[in-house]
Amino acid sequence: MNATFAPDAELEDLGYQPSLNRQLPFGSLLVYGLLFFVSMAPVAVFGPVVNRSGGVPVLVYLVAAVVMGLSAISYREMALRFPVAGSVYGYTRFFLGCTPGFIAGWLILLDYILMPALLTVLSAVALAHIWPNVPIKIFALVFVLASMALNLQGVTVTTRVGIVLLAIQLATIAFFLVCVCRGLASGDVVWSWHAL
């Protein structure tokens with residue numbers, strides 16, 4: 001057997017018949033992962049995090065980073081042991097059985113539904129502050145229709161648009177960091193672990 005088909009043989013041993021054309025390269029997958037975590041997310045929730053953390057938002061983000069790192073290591077180990085589609089559903093099913101796997105699958109599906117919904121609402125509210133005469137529902141509808149149309153174009157087009165969106169996010173973060181560094185150098189910004 002050719003080495004190229006070794007993963008397919010491993011999937012067949014786990015009871016799966018490969019049916020999708022695996023054409024998403026690692027770089028595109030990395031872009032998808034970075035977009036899914038939404039690099040700009042802290043901007044939208046920074047105020048509530050400052051308030052609820054008692055003025056130490058950096059500590060909150062550091063603890064979250066450690067937990068996410070441990071989660072990433074766990075996913076890596078599970079993916080190496082069970083290289084099947086379904087993520088949490090598949091891993092839970094293999095370890096705990098069909099019923100817990102079914103429940104975990106539906107819970108992760110809720111995450112895949114609620115996360116875009118939350119991002120749509122946050123984006124619509126942000127744009128409504130810029131253009132207060134436009135109803136929030138209009139912005140939300142535009143976001144939903146745009147992402148639906150984009151997803152219908154297929155993974156290649158979605159990946160290209162994703163690269164552009166990620167570049168915009170990273171450029172925005174880089175611009176912010178440059179402004180902070182300039183402020184620190186000029187003395188206009190004071191370094192502190194606590195929010196003022």
For P116 and I113, the nearest pair of non-hydrogen atoms, with its separation, is CD-O, 3.4 Å
For F102, look at atom CZ and say whether over 12 heavy atoms of other residues, nucleotides or ligands are found less than 6.0 Å away.
-> no
Does S186 use its side chain to pair, donor to acceptor, with the backbone of G183 at less than 3.5 Å?
-> yes
Spatial distance of atom CZ (R76) from atom OG (S71) [nearest 0.5 Å] | 14.0 Å
Name the one of L127, L119, I138 that satisfies side chain to side chain contact (heavy atoms under 4.5 Å, CB included) with F143?
-> L127
Are T172 and F175 side-chain neighbours, meaning at least one heavy-atom pair lies under 4.5 Å?
-> no
So if you build clusters from Ile, Leu, Val, Met, Phe, Trp, Tyr with side-chain heavy-atom gaps below 4.5 Å, do I173 and L184 land together?
-> yes
So do V66 and L62 actually touch side chain to side chain, heavy atoms under 4.5 Å?
-> no
For the student: nearest non-hydrogen atoms of I136 and A128, plus distance = CG1-CB, 3.4 Å
Under a 4.5 Å side-chain heavy-atom rule over Ile, Leu, Val, Met, Phe, Trp and Tyr, are L170 and I163 clustered together?
-> yes
Measure from the side-chain N and O atoms of T120 to the backbone N and O of V144, and report whether any donor-acceptor pair falls under 3.5 Å.
-> no
Quick one: do Y112 and M78 end up in the same hydrophobic cluster if we chain Ile, Leu, Val, Met, Phe, Trp and Tyr together by side-chain heavy atoms under 4.5 Å apart?
-> yes
Among the clusters formed by ILVMFWY side chains lying less than 4.5 Å apart, do V134 and I130 turn up in the same one?
-> yes
Group every Ile, Leu, Val, Met, Phe, Trp and Tyr by side-chain heavy-atom contacts under 4.5 Å, then state whether V142 and V121 land in the same group.
-> no
Would you call T159 and V31 a side-chain contact if the rule is heavy atoms closer than 4.5 Å?
-> no
Check step by step if side-chain contact (heavy atoms from CB on, under 4.5 Å) holds for W106 and Y89.
-> CA-CA 8 Å; W106 276 103; Y89 158 73; over 6 Å; no
L152 side, atom CG; M148 side, atom CE - distance, nearest 0.5 Å = 6.5 Å
Before giving the answer on side-chain contact (heavy atoms from CB on, under 4.5 Å), spell out for R81 and F95 the whole-Å C-alpha distance, their side-chain angles and the decisive distance to 0.1 Å.
-> CA-CA 11 Å; R81 188 171 292 189; F95 273 104; 3.6 Å; yes
Residues A124 and A140: closest non-hydrogen pair is CB-N, 3.8 Å
CD1 on I103 to CD1 on I108, rounded to 0.5 Å | 14.0 Å
All heavy atoms of A104 vs all of V88, minimum pair found to be CB-CG1, 3.6 Å
